[in-house]
Amino acid sequence: MSKLKIEGKHILSGEIQISGAKNSAVALLPAAVLAKKKSIIYNVPEISDIKYLIDIMKLLNCEVEHKDGTLYIDSSNLKNKPIPEELSVQMRASYYFMGALLAKFGKVEISFPGGCNIGARPIDIHIKGFEQLGATVDIVKNRYTITADKLKGAKIFFDFPSVGATINIMMAAVGAEGTTIIENAAMEPEIVNVASFLINMGVKIRGAGTKRIEIDGCKDLDNGVCEVFPDRIESGTYIIIGALLGDNLKIKGIIKEHIEALLIKLKEIGVDYEIDNDVMTISKCENLKAVNLKTLVFPGFPTDLQQPLVTLLTQAKGKSLVEETLYENRFKNTYDLNRMGAITNILTMNKLEVKGPKNLKGTHVIATDLRGGASLLIAGLIAAGETEIDNCDVILRGYGNLVEKLSNVGAKLEITE
Ligand code: EPZ
């Protein structure tokens with residue numbers, strides 16, 4: 001198990017370039033099976049989830065070349081095969097092969113997906129959507145066999161605007177006869193990124209990024225080309241680090257509209273920054289103020305930045321109240337934050353109190369999930385002394401070239417086995 005060792009309290013200055021978005025890229029790869037023969041995906045992040053997805057693509061007889069951040073995919077000899085559990089449990093996004101292969105072949109066999117243990121994370125909305133398109137879903141233990149002689153366009157109303165279900169049903173609907181309408185769809189930028197790829201292949205999609213998406217089924221798709229949007233969660237994480245340790249630190253490649261909720265919250269906390277086009281310049285804020293925070297679906301405050309922001313709130317003056325509305329188990333990182341000297345109290349499954357400011361002291365901690373790991377990384381960067389984060393592979397699942405990016409701006413950290 002890899003460890004991340006961090007020597008805290010180094011001021012950071014220079015430039016950090018944001019990579020392509022994990023939560024877009026992990027959907028774009030499975031979507032590539034819908035292309036006629038070939039796809040090119042630019043700005044692909046260097047993260048472990050991509051490697052696992054490429055393994056699945058190769059299992060399905062695709063040729064995949066990954067060069068300088070670009071993926072060249074040849075799916076002309078694509079074969080539909082059952083996806084083994086050992087591959088699908090590696091990450092949540094393996095479930096995107098459900099929608100893609102169902103549209104392409106009318107059949108898919110795969111296990112329940114993996115992903116961060118931050119709650120029950122059921123996929124009932126996905127399954128209901130596939131059934132409304134006319135598919136049959138057989139579940140044996142946690143193995144799913146989804147089949148359809150013919151998918152038929154339908155009007156589907158989501159009980160909750162799920163990101164994964166919106167993308168999965170959008171892809172399945174490509175293989176359906178007629179038009180599918182998704183009501184109460186998720187509006188996250190990743191949805192728009194995937195829709196732009198499908199549109200580039202020739203699919204007619206209207207309303208991606210809004211609550212109502214219409215997809216016209218399409219048999220003859222073209223080859224596909226797309227670029228992965230910059231990662232708004234990686235952007236947010238480095239911006240939070242900049243508010244704690246920056247000296248005119250530049251975060252390059254941000255899309256302001258994708259992180260608006262964070263920017264507004266930072267202003268409330270007292271953080272100043274400048275944005276010029278896609279570059280933010282940020283410095284350490286001396287007077288952080290406590291605030292109340294509630295996570296919501298996009299364009300509300302993203303749940304994936306809740307844990308990183310909690311680390312910042314341990315340095316803010318006063319009592320902050322954090323309400324996590326998407327997941328029932330996303331405060332595990334606070335145990336280790338408290339061991340580093342923070343004052344946080346879990347009031348209920350989704351309410352947390354944070355009191356500050358408190359100086360943190362480096363110690364031995366463990367990353368339990370991706371963003372929880374990011375919150376401990378930030379704590380290690382501001383703590384006195386050395387912090388050792390066990391199980392740091394979960395952090396590398398979502399942050400490409402982490403050590404390189406932070407070392408280049410003055411941080412002292414390394415990965416050891
Ligand atoms: C995506 O997960 C992201 N993962 C998550 O990021 C992110 O937290 C989440 O969207 C919300 O923004 C990827 O894109 C790979 P959801 P997803 O379906 O698609 C419930 C990270 O750190 N729900 O929008 O799984 C579910 O339990 C990860 O990068 C159902 O009840 O999120 C959750 O409480 C963590 N039934 C809520 O909806 C369903 O069928 C949001 O889930 C589907 C979801």
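Predicted model, so just to flag it, every value in this text is computed and none were measured. Note that the numbering runs from 1 along the sequence shown for the chain. We count ligands from 1, going down the list as the structure has it; atoms in each ligand are counted the same way.
- For ligand 1, residues of the protein lying within 4.0 angstrom by heavy-atom distance are Lys22, Asn23, Arg92, Tyr95, Ile118, Arg121, Pro122, Ile123, Asp124, Ile125, His126, Phe160, Ser162, Val163, Gly164, Thr303, Asp304, Leu326, Tyr327, Arg330, Leu370, Arg371.
- No donor-acceptor contact under 3.5 angstrom links the side chains of Asp231 and Ser19, judged on distance only.
- Sorted by first then second residue, the side chain to side chain donor-acceptor pair (under 3.5 Å) pairs that include residues 23-37, not counting sequence neighbours, are Ser24-Asn193.
- Side-chain atoms of Thr179 and Glu214 include no donor-acceptor pair closer than 3.5 Å.
- Panel note: side chain Arg121, backbone Cys116; a donor-acceptor pair is recorded below 3.5 Å.
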Report, one line per pair, each donor and acceptor closer than 3.5 Å where one atom sits in a side chain of residues 48-71; sequence neighbours left out.
unit_1, atom_1, unit_2, atom_2, d
Asp49, OD1, Arg397, NE, 2.8
Asp49, OD2, Arg397, NH2, 2.9
Asn61, ND2, Asn77, O, 2.9

Quick one: side chains of residues 125-136, donor-acceptor pairs under 3.5 Å with protein atoms, not counting sequence neighbours, listed by atom name and distance.
unit_1, atom_1, unit_2, atom_2, d
His126, ND1, Asn168, ND2, 3.1
His126, NE2, Ala165, N, 3.3
Lys128, NZ, Asp159, OD2, 2.8

